[in-house]
Colleague: 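Please find one structure pasted underneath; my questions will follow.
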Amino acid sequence: MSAQPHHYSSEPPGIRRTPDGIAAALTPARRMQFRAELGRISSGAAFERLLDIWVCRARLDQRPDRAERVRAARAGTLRTVTWDEIQRGRDAKGA
């Protein structure tokens, strides 16, 4: 069985996991930071890890509720869930 990507309704579609795709989704300041880090790594496991990290940041930058989520995370009030809660939700959906 192969894993398929899951797109949540709050996750913007279309962020390609490529340097250009990620850069296009970032805010200008973060785009500059990404390009600087990208310039130091060109291939291999470190490159793949860099893309993993930055695609997550790009998704955050594209969220309409980004400012509120960042504020809540910094204040320690961002809603979190446990793995057990995730599993219960999946079981309830039959997934």
Colleague: Taking the side chain as everything from C-beta on, heavy atoms only, tell me whether Trp54 gets closer than 4.5 Å to Leu26.
Modeller: yes

Colleague: Any carboxylate oxygen within less than 4.0 angstrom of a Lys/Arg side-chain nitrogen, looking at Arg71 and Asp65?
Modeller: no

Colleague: In this structure, would Ile41 and Met32 fall into the same cluster of hydrophobic residues linked by side-chain contacts under 4.5 Å?
Modeller: no

Colleague: If we only count heavy atoms from C-beta on, is the Arg88 to Lys93 side-chain gap below 4.5 Å?
Modeller: no

Colleague: Membership question, hydrophobic clusters at under 4.5 Å side-chain separation (ILVMFWY): are Leu60 and Leu50 in the same one?
Modeller: no

Colleague: Less than 4.0 angstrom from a charged side-chain N to a carboxylate O is my criterion; do Glu68 and Arg63 meet it?
Modeller: no

Colleague: Treating Arg17 as the side-chain partner and Glu48 as the backbone partner, does any N or O pair qualify as donor plus acceptor under 3.5 Å?
Modeller: yes

Colleague: So Ile22 and Arg16, do their side chains get closer than 4.5 Å, heavy atoms only?
Modeller: no

Colleague: Mind checking whether Phe34 and Arg57 have side chains closer than 4.5 Å, heavy atoms only?
Modeller: no

Colleague: Given Glu37 and Ile53, is the side chain to side chain contact (heavy atoms under 4.5 Å, CB included) satisfied, shown in steps?
Modeller: CA-CA 11 Å; Glu37 289 184 28; Ile53 291 167; over 6 Å; no

Colleague: Are the side chains of Arg35 and Pro19 in touch, meaning some heavy atoms are under 4.5 Å apart?
Modeller: yes

Colleague: More than 12 non-hydrogen atoms from neighbouring residues, nucleotides or ligands closer than 6.0 Å to CZ on Arg49, yes or no?
Modeller: no

